There are 2 protein chains.
Amino acid sequence: MAVTLKDVAADCGVSASAVSQVLRSHHACRVSPAARERILASARRLGYRPNHISTSLRRQRSGLLSLILPWNNPELMEVMEQEAYRLGYRLMTNFLTRPDLDREIALLNNSLDWQVEGLFWLPYANLSAYPELLLQRLRGNKARLVFMQRRLPDVPGCLVGTDYRQGVRDAIAHVQHQGYRHVAFLGTSLKFEIKSQRQNYIQTECRERGLPCETILLDNLPGSDASASLVLSCLQAIKMFPCAIFCDNDSLAVHAVHALQKMNVDIPGQVGLIANGDQLVLGHFRLGDITTPSLTALSTDYTSQGRLAISRMIQLLQDDTAAPPDVWLPLPFRPRASTALNHPNPTPPAV
Amino acid sequence: MAVTLKDVAADCGVSASAVSQVLRSHHACRVSPAARERILASARRLGYRPNHISTSLRRQRSGLLSLILPWNNPELMEVMEQEAYRLGYRLMTNFLTRPDLDREIALLNNSLDWQVEGLFWLPYANLSAYPELLLQRLRGNKARLVFMQRRLPDVPGCLVGTDYRQGVRDAIAHVQHQGYRHVAFLGTSLKFEIKSQRQNYIQTECRERGLPCETILLDNLPGSDASASLVLSCLQAIKMFPCAIFCDNDSLAVHAVHALQKMNVDIPGQVGLIANGDQLVLGHFRLGDITTPSLTALSTDYTSQGRLAISRMIQLLQDDTAAPPDVWLPLPFRPRASTALNHPNPTPPAV
DNA sequence: TTGAAAGCGCTAACAA
DNA sequence: TTGTTAGCGCTTTCAA
């Protein structure tokens with residue numbers, strides 16, 4: 001069906017190796033100009049296209065990279081895919097929207113089965129959760145590994161992440177300065193290391209600044225009707241007003257807005273809201289700019305992170321020697337309306 | 001480096017083909033139980049994993065599918081990837097956020113070079129824009145084609161789309177019933193067939209219902225600061241109030257909300273807003289539920305569309321004979337606050 | 001300057 | 001029940 005090297009060779013009466021030389025070699029031209037011309041003409045006329053499967057097998061080099069993340073991140077996907085493509089690689093992307101360890105493992109194995117040259121990975125679980133066989137493959141020096149945000153111990157590779165500590169510091173300083181006298185952390189109770197890390201940063205920062213800090217953990221991932229229980233948990237946990245609630249992701253923040261508004265709680269007067277993520281939505285807008293009130297947020301710069309991850313990968317791929325050092329990108333803090341306190345002495349809402 | 005069939009064969013003293021039989025054959029067990037056990041044990045112990053590149057080459061069957069769309073659609077990607085995976089295929093996804101014909105062509109060719117078995121594609125340009133070589137490859141009966149929303153003539157394949165006609169009909173009926181006396185279509189002036197199709201539907205429907213209808217086309221894609229010019233175009237085009245503006249995509253709708261609010265135009269009192277798309281955002285929310293006011297919208301059901309596209313592809317892959325018929329999914333209309341007119345005799349805004 | 005040959009890892013037909 | 005063989009399409013020595 002498809003036109004192969006052999007077809008081109010037969011068409012212009014040379015050997016397959018000559019055709020391969022002319023069509024695919026970047027450096028040398030050990031073929032006579034005349035033959036060269038004939039080969040190029042034949043190839044064009046027949047519509048020859050190289051078969052990536054066979055070149056990958058022969059060269060032992062697939063040109064594939066794989067991205068595996070525990071959530072759907074269009075912004076990161078887009079920039080990484082484009083950068084990879086620009087540099088001659090093809091990125092296979094997989095998002096695990098819900099926690100699903102089996103699928104995560106299957107995807108990692110499948111990627112490795114496809115002989116990917118590199119893997120971008122934000123591991124959802126801890127080291128012990130992954131099968132030994134998989135870890136062996138990962139440790140075997142074949143595929144390069146760039147961890148996104150969180151590294152697995154004892155697995156070689158470098159890391160590109162976002163530095164939450166400074167972001168949290170900025171956020172807490174801001175809300176204290178605005179006059180909030182209480183802080184609450186609103187998260188999900190999933191055992192996911194990064195999340196508890198953020199929680200710790202917030203608690204530490206509040207302690208140092210003498211701000212009381214409550215923690216509210218929701219049992220299940222917020223579905224579309226989780227708002228009611230959410231607002232109740234929020235308000236019950238709040239002892240002093242005005243209170244600033246740090247929502248551990250954008251989704252929680254939107255839920256909180258809806259829920260608080262339904263109960264006529266004044267944002268930012270009685271409750272201030274800080275979102276973590278501030279995702280790019282529709283390619284143009286940050287989530288925090290779309291809601292009413294607009295949401296004060298820690299807005300992770302996934303475009304930079306993605307670009308950096310790719311360049312780190314290229315480094316790993318090019319010289320086998322030293323892994324480049326981990327990078328932690330700064331996390332911009334964006335104050336918006338949801339924490340612009342203008343009630344010096346607010347009254348607590350009637351719960 | 002990696003453990004191959006040969007390694008396993010050598011390890012337990014049988015031939016490679018025996019190992020292949022035991023490890024990879026689904027049907028027969030022509031190998032003695034004893035040998036079988038030894039092989040399985042060796043494979044497990046050595047951590048054998050099949051090389052997808054070589055099996056694909058040998059079997060002439062890659063198990064790859066490719067999705068190429070002219071915009072970033074996380075919802076569609078997620079459902080299609082999962083469905084494909086469930087059915088034993090691996091989906092490679094590529095989004096072209098900005099119009100980029102060269103990249104689109106390159107991605108199509110690259111997918112075919114990888115010997116994908118099927119291609120899901122929403123062509124951005126018209127037939128004549130694509131090189132003849134590419135069209136030949138697409139017409140050659142190798143890779144199956146499922147067009148998303150829009151088909152290219154003279155290229156075999158089936159289609160899965162959304163039926164805008166009924167959706168538009170519902171929307172226009174709704175705004176007329178709400179009391180809007182004028183309609184405006186707000187779109188981008190990109191030459192993209194689907195868009196002008198929607199525009200036509202709206203104009204036709206308005207004509208039949210005796211509603212005057214203006215068209216506003218923006219020259220460039222809306223960037224973050226396009227709002228000002230946008231609102232001006234809108235308001236200048238409006239001759240009668242209250243006016244319902246049909247925004248051809250979510251992004252335009254959000255821009256319109258911002259712009260109109262900045263100019264103190266009352267939504268829905270003076271201007272009603274209808275969004276097309278109503279994308280799922282953060283996996284939980286529809287865009288129209290996040291904004292204030294909430295946006296009346298035509299909300300495309302990408303989850304159904306994706307699932308259907310995959311099942312169509314499987315049909316194409318399984319029997320070569322007849323292409324399944326095209327499908328047009330119904331397009332749910334969701335009235336929300338942005339068209340809930342409550343001013344019977346509104347005054348025009350001061351422009 | 002060229003072609004023959006070997007082989008990447010695997011599978012499937014064939015022969016033993 | 002098994003091993004041998006011949007490739008899939010391509011690249012890269014090696015010998016002519």
Side-chain angles (χ1 to χ4, degrees), chain A residues 1-40 42-43 46-64 112-117 137 140 142, chain B residues 1-40 42-43 46-64 112-117 137 140 142:
Chain A
M1 200 77 289
V3 180
T4 70
L5 261 195
K6 231 195 277 186
D7 297 329
V8 178
D11 183 69
C12 60
V14 294
S15 71
S17 51
V19 181
S20 177
Q21 285 294 332
V22 171
L23 260 33
R24 316 272 299 141
S25 274
H26 302 281
H27 38 275
C29 40
R30 11 159 290 176
V31 177
S32 70
R36 199 186 149 72
E37 284 314 307
R38 270 187 304 144
I39 289 169
L40 288 171
S42 285
L46 299 177
Y48 170 76
R49 285 249 110 201
N51 180 327
H52 279 10
I53 302 260
S54 60
T55 57
S56 297
L57 178 61
R58 175 61 236 234
R59 295 187 132 148
Q60 296 291 84
R61 201 179 155 299
S62 67
L64 292 174
L112 293 169
D113 293 345
W114 272 105
Q115 316 297 115
V116 296
E117 296 182 41
R137 296 182 84 187
K142 192 71 183 304
Chain B
M1 201 77 288
V3 180
T4 69
L5 262 194
K6 230 195 274 185
D7 297 330
V8 177
D11 183 70
C12 59
V14 293
S15 73
S17 56
V19 180
S20 176
Q21 285 294 331
V22 171
L23 260 35
R24 315 272 299 139
S25 274
H26 301 282
H27 38 275
C29 40
R30 7 162 295 175
V31 178
S32 70
R36 199 187 148 74
E37 284 314 308
R38 271 187 303 143
I39 289 169
L40 288 171
S42 284
L46 298 178
Y48 170 76
R49 285 251 110 202
N51 180 328
H52 279 9
I53 302 261
S54 59
T55 57
S56 296
L57 178 61
R58 175 62 235 231
R59 295 185 129 151
Q60 296 291 83
R61 202 181 155 299
S62 66
L64 292 174
L112 293 169
D113 293 345
W114 272 106
Q115 316 297 116
V116 295
E117 296 182 40
R137 296 183 84 187
K142 192 71 184 302

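Please read all numbers here as calculations on a predicted model, not as lab measurements. Reminder, nothing fancy here: chain letters follow the sequence lines and each chain counts from 1.
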**Message:** Measure CZ/R61(B) against C1'/dG9(D) and give the value in whole Å, please.
**Reply:** 19 Å
**Item:** Overall bend - the helix from dT1(C)-dA16(D) to dA16(C)-dT1(D), comparing terminal axes fitted on five pairs, nearest 10 degrees
**Value:** 50°
Show me the protein contacts with nucleotides 4-6 of chain C, counting only N or O atoms at under 3.5 Å.
| from | atom 1 | to | atom 2 | distance (Å) |
| --- | --- | --- | --- | --- |
| dA4(C) | N6 | S17(A) | OG | 3.3 |

**Asked** Can you tell me how far C1' of dT11(C) sits from CG of L57(B), to the nearest Å?
**Response** 11 Å
**Prompt:** Is D11(B) paired with K6(B) through a side-chain N to carboxylate O contact shorter than 4.0 Å?
**Reply:** no
**Message:** Rounded to whole Å, how long is the line connecting atom CD of Q21(B) with atom P of dG3(D)?
**Reply:** 11 Å
**Asked** Any idea which of dT12(D), dG9(C), dT11(C) is nearest the N51(B) side chain?
**Response** dG9(C)
**Message:** Check this one for me: any side-chain N or O of Q60(A) less than 4.0 Å away from OP1 or OP2 of dG9(C)?
**Reply:** yes
**Request:** Please report, rounded to the nearest Å, how far the C1' atom of dT2(D) is from the CG atom of L23(B).
**Result:** 16 Å
**Item:** Pairwise side-chain contact, L64(A) with W114(B), heavy-atom cut-off 4.5 Å (strictly under)
**Value:** yes
**Proximal nucleotide (of dC10(C), dG9(D), dT2(D)) relative to the T4(A) side chain** = dG9(D)
**Message:** Could you tell me how far apart D113(A) (CG) and dC10(C) (P) are, to the nearest whole angstrom?
**Reply:** 10 Å
**Asked** What is the distance from NZ of K6(A) to P of dC10(D), rounded to the nearest Å?
**Response** 10 Å
**Message:** Going by the rule side chain to side chain donor-acceptor pair (under 3.5 Å), which residues pair with T55(B) if we only count those two or more places apart in sequence or in a different chain?
**Reply:** none
**Message:** Judged by each residue's nearest nucleotide on DNA chain C, which is more toward the 5′ side, A18(A) or L5(B)?
**Reply:** A18(A)
**Request:** Respond yes when some side-chain nitrogen or oxygen of Q115(B) is under 4.0 Å from OP1 or OP2 of dG9(D), and no when none is.
**Result:** no
**Item:** N51(B) side chain near T4(B) side chain, heavy-atom distance below 4.5 Å
**Value:** no
**Request:** Answer yes or no: is there a side-chain heavy-atom contact under 4.5 Å between K142(A) and Q115(A)?
**Result:** yes
**Item:** Side-chain (S56(B)) to main-chain (H52(B)) donor-acceptor, under 3.5 angstrom
**Value:** yes
**Item:** Any side-chain heavy-atom pair of S62(A) and E117(A) under 4.5 Å
**Value:** yes
**Prompt:** Is a donor on one side and an acceptor on the other found under 3.5 Å between the side chain of R38(B) and the backbone of C12(B)?
**Reply:** yes
**Request:** Rounded off to whole Å, could you give me the NZ-to-P distance for the K142(B) and dG9(D) pair?
**Result:** 8 Å
**Prompt:** For H52(B) and dC8(C), what is the distance between atoms NE2 and C1' respectively, to the nearest whole Å?
**Reply:** 17 Å
**Message:** Are the side chains of D113(B) and R137(B) in contact, using a 4.5 Å heavy-atom criterion?
**Reply:** yes
